[in-house]
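Below, each value reflects all heavy atoms present in this structure, side chains not excepted, and no hydrogens, waters or symmetry copies.
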Amino acid sequence: MEEQRALLDERFPEAIEGKKKEESKRLEDLPGVSGPVRMRLAPSPSGPMHIGQSRMAILNDEYVKRYGGTLFLRIEDTNPENIDPDAYDMIPEDLEWLGVEVHETVIQSDRFELYYEYAAKLLEMGHAYICTCPADEWRALKNKGVACPHRDEAPEVQIERWEEMLGGEYGEGEAVYVVKTDLNHPNPAIRDWPAFRIVDRPHPRTGDRYRVYPLMNFSVAVDDHELGLTHVLRGKDHLNNTHRQMYLYEYFGWEKPVYIHYGWVRMKDTVLKTSLIKKGIREGLYTGWDDPRLGTLRALAKRGISPQAIRRYWVEVGLKEVDIEFSWENLYAYNREIVDPVAKRLFFVPNPVEVRVSGSPEMRAAPPLHPSHPEWGAREYTMPPEFSVYVPADEWNALNPGDIIRLKDLCNVRKTANGAEYAGNDLSVLKRGVRIIQWAPAESPPATLVYPDGSEVKGKVEPFTRRCIGEVVQFERIGFARLWDEGGIRAYFAHR
RNA sequence: GCUCCGGUGGUGUAGCCCGGCCAAGCAUUUCGGCCUUUCGAGCCGACGACCCGGGUUCAAAUCCCGGCCGGAGCACCA
């Protein structure tokens, strides 16, 4: 694929750039930009990235590239119960594939001391407390707008309890660090929120060195400030979190970044949920993170969906707060535009039937590798007299004896009672409505075409296919697919 | 239930802030036609939308009110 890309760049730079310019819409300008921007991607390391998550990556990258500045990758691994150690490597790999340029990476589990420092300060200022009530009691009180007994105790007492919490005096669930906001806030989601909790489970990176873990709202706010972010792009599911975090900004007197909340993306028929995928892989339902049925970037890459198409898609979608329906059709259309000019044409014969053609002379077939680029050459096959070919069974069986059909770029044949006979090479029969089908020579290797729904179709591919492993090709009359050698040729279908 | 968002063709989006140039633009899909030894690409054309109801105004997709519909959050997850 990389080679194809290079080829395209070299020979037809205008094919990429020109099109992009005239057809791509420009992303809306970011409000409040004065000078370089500082933005972030903040995935949690629970698995590789999926198409949904690529939105924030692409959009952040687009803006940092437009305005100049710094893009941080911040791995949010403050919940030891939801970490896949492999994700620390998979996420950067996925970002690189997407063409997202990360300037600096920070990992939150390296920064516990920093969070603790701010936590202590906040206690001293009287804006937080350690609560040792049972969780449900505390929550019930809060929902009624009532302070729990610990809320109003003096900062010295709070500090002391905090030290005890850090020192291991409490077990899981026995103490929690809560940030005070406003108990009478009309939105109960905004009222006092927990900022640190105790977890005994070892962390994949820090082991059992820490047991007091910051919750997302605290670590995110501290890091957003520490990294000097100017703009934060986040899903609107974080709207309330933004409100919560604003209290920290107020208490500490920090300058606030510009927040932009974008809507949800509904994705029908696509498995995105990391936990479900993981379960599926474990149980053998999926072949791996790149199973073609999944919405992971790895799965899309395997099928030959290009990162450029994904970028184009998200740029078109933009940053509105409305929820949207993800459109595979639109993504495929963009991908087709990118892949069509570079994909070699090949014949795949699904459910093949072998047909003997009698009465033919020796022939040379040379179907072009690409109809728009004759200079790329052709796939060349010499057909002996009386040759055999594979053709699609359903199309062949639909013919009646005496019917003529054209083998593309080879010759015409007439169906007979038990085979076929040569019927000349006159192209004018096409005007009379003779159909053209693809074919594969007798010595063709088998191949399997794997569809995104997981179904597979067995067939034959012309021998040239062996030389295209790794590439995205177009099987004529079928569609685009990417070729892999997995102990036999397997083609993963992208789209028509 | 409470709090907060939002509603432009099948899908996505432009316009809405600063009412008229919007009898609504673009992309994609679908359907025709041309071209083509692929049912791909390309070219040409067509269908298709301002959630509803009031109000303000000479004039509303754009402003105001009400309703309806959709979504998010209300975790010691992120």
If we call it a pair only when both distances are under 3.5 Å in a Watson-Crick or G-U wobble match, what pairs with [N]?
| N | value |
| --- | --- |
| rC18(B) | none |
| rG25(B) | rU13(B) |
| rG6(B) | rC69(B) |
| rC74(B) | rG1(B) |
| rG42(B) | rC34(B) |
| rC50(B) | none |

Kindly point out which of [options] is positioned nearest to the side chain of [X]?
| X | options | answer |
| --- | --- | --- |
| Q474(A) | rC76(B), rU38(B), rU37(B) | rU38(B) |
| S44(A) | rA78(B), rC4(B), rC77(B) | rA78(B) |
| R336(A) | rA78(B), rU28(B), rA41(B) | rA41(B) |
| N143(A) | rA78(B), rA72(B), rC74(B) | rC74(B) |
| R312(A) | rA14(B), rA27(B), rU37(B) | rA27(B) |

Nucleotides 8-12 of chain B: which of its N/O atoms have a protein N/O under 3.5 Å away?
residue	atom	partner	partner atom	Å
rU11(B)	O2	N330(A)	ND2	3.2
rG12(B)	OP1	E325(A)	N	2.8

For [X], which contact category applies under a 4.0 Å heavy-atom criterion: base, sugar-phosphate, or nothing?
| X | result |
| --- | --- |
| W138(A) | sugar-phosphate |
| R191(A) | nothing |
| E395(A) | base |
| C411(A) | nothing |
| A333(A) | sugar-phosphate |
| L430(A) | sugar-phosphate |
| S46(A) | nothing |
| N241(A) | base |
| F480(A) | sugar-phosphate |
| H238(A) | base |
| P367(A) | nothing |

Indicate the atoms forming the closest heavy-atom contact of [X] with [Y], along with that distance.
| X | Y | value |
| --- | --- | --- |
| I277(A) | L272(A) | CD1-O, 3.7 Å |
| T270(A) | G295(A) | CG2-CA, 3.6 Å |
| V434(A) | R406(A) | CG1-N, 3.7 Å |
| S444(A) | P463(A) | OG-CD, 3.5 Å |

How long is the line joining [atom1] of [X] and [atom2] of [N], in whole Å?
| X | N | atom1 | atom2 | answer |
| --- | --- | --- | --- | --- |
| F196(A) | rA75(B) | CZ | C1' | 17 Å |
| I436(A) | rG40(B) | CD1 | C1' | 13 Å |
| D237(A) | rA72(B) | CG | C1' | 7 Å |
| H373(A) | rA41(B) | NE2 | C1' | 10 Å |
| N187(A) | rC4(B) | CG | P | 7 Å |
| Y213(A) | rC77(B) | OH | P | 12 Å |
| M216(A) | rC74(B) | CE | P | 11 Å |
| W264(A) | rG71(B) | CH2 | P | 12 Å |

Comparing nearest nucleotides in RNA chain B, the 5'-proximal residue of the pair N82(A), R496(A) is R496(A)

Reading RNA chain B from 5' onward, which residue's closest nucleotide shows up sooner: Q438(A) or P43(A)?
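Checking each residue's closest nucleotide, the 5'-ward one belongs to Q438(A).
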
Under 3.5 Å, side chain of D94(A) to main-chain N/O of M49(A), donor-acceptor pair present?
yes

Hey, is the main chain of P368(A) close enough, under 3.5 Å, to the side chain of R379(A) for a donor-acceptor pair?
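Looks like yes, one N/O pair under 3.5 Å.
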
Using the [atom1] atom on both, measure [N] against [M] and round to a whole Å.
| N | M | atom1 | result |
| --- | --- | --- | --- |
| rG20(B) | rU57(B) | C1' | 11 Å |
| rC43(B) | rA61(B) | P | 34 Å |
| rG53(B) | rC68(B) | P | 15 Å |
| rA46(B) | rA24(B) | P | 13 Å |
| rU8(B) | rU62(B) | C1' | 11 Å |
| rG40(B) | rG32(B) | P | 12 Å |
| rA23(B) | rA60(B) | P | 11 Å |
| rG45(B) | rC65(B) | C1' | 44 Å |

What distance separates N335(A) CG from N330(A) CG, expressed to the nearest 0.5 Å?
12.5 Å

Looking at R312(A) and E316(A), does any basic side-chain N land under 4.0 Å from a carboxylate oxygen?
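The answer is yes: the pair qualifies as a salt bridge.
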
Taking 4.0 angstrom as the limit, do R345(A) and D340(A) come out as a salt bridge?
yes

Looking at R244(A), does any N or O in its side chain come under 4.0 Å of the phosphate oxygens OP1/OP2 on rU3(B)?
no

Would you say R345(A) places a side-chain N or O within less than 4.0 Å of OP1 or OP2 belonging to rG40(B)?
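False: R345(A) side-chain N/O out of range (4.0 Å or more) of rG40(B) OP1/OP2.
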
With a cut-off of under 6.0 Å to the ring centre and 45° to the axis, is R336(A) in cation-pi contact with F480(A)?
no

Step by step, would you call W193(A) with Y247(A) a ring pair (Phe, Tyr, Trp, His ring centres under 6.0 Å)?
CA-CA 10 Å; W193(A) 45 269; Y247(A) 281 88; 8.1 Å; no

